[in-house]
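We count residues from 1, following the sequence as given.
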Amino acid sequence: IGVDLMPLEKDAFARGPARLLELTRVLVLVDEYDEALDKLEHLLSIPSPLSVTMLRIDPTLDPLRSHPRFQTLMEQYAGDVHR
């Protein structure tokens, strides 16, 4: 899978986070919300080109919008000047 081919250890800024976001989208599609939220939390905790704004408008993450943990993550990282 993409995360195995391009892990964060190989490219922690661009392609690694992008592959991890793709995995997160797949997890949402198969209703693995807790694992998807784990991945999102990790993505938000590291420097990357991903932003809270991008995650808020990503239509593949719509099933997570009402999840309290998703809302908490968005609030927690919304004030991050690097996001």
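Residues Met74 and Leu44 approach most closely at CE-CD1, 3.6 Å, considering heavy atoms. Scanning both residues, Pro59 and Arg65, for their nearest heavy atoms gives N-NH2, 4.2 Å.
Looking only at side-chain heavy atoms (C-beta outward), Leu55 and Leu21 come within less than 4.5 Å of each other. Within the 4.5 Å cutoff, no side-chain heavy atoms of Val52 are placed close to those of Leu73.
One finds the NZ atom of Lys39 at 14.0 Å from the CD atom of Glu22 (value rounded to the nearest 0.5 Å). Between atom CZ of residue Arg69 and atom CD of residue Glu41 there is a gap of 5.0 Å, rounded to the nearest 0.5 Å. To the nearest 0.5 angstrom, Tyr33 atom OH is 12.5 Å from Leu40 atom CG.
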Original post:
After noting the C-alpha distance and the side-chain angles of Thr24 and Asp38, does the key distance pass the side-chain contact (heavy atoms from CB on, under 4.5 Å) rule?
Top reply: CA-CA 9 Å; Thr24 301; Asp38 289 343; over 6 Å; no

Subject >> Chi angles and distances behind the side-chain contact (heavy atoms from CB on, under 4.5 Å) call for Asp62, Val28 >> reply: CA-CA 9 Å; Asp62 281 350; Val28 170; over 6 Å; no

**OP:** Determine, stepwise, if the pair Ser51 / Tyr77 fulfils side-chain contact (heavy atoms from CB on, under 4.5 Å).
**Re:** CA-CA 9 Å; Ser51 70; Tyr77 290 96; over 6 Å; no

Subject >> His42 and Leu37: CA distance, side-chain angles, deciding distance, side-chain contact (heavy atoms from CB on, under 4.5 Å) verdict >> reply: CA-CA 9 Å; His42 181 70; Leu37 287 162; over 6 Å; no

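Applying the side-chain contact (heavy atoms from CB on, under 4.5 Å) rule to Thr60 yields the partners Arg25, Asp58; only residues at least two apart in sequence or on another chain are considered.
Under the 4.5 Å side-chain heavy-atom criterion for grouping Ile, Leu, Val, Met, Phe, Trp and Tyr, Leu23 is not connected to Leu29 through any hydrophobic cluster.
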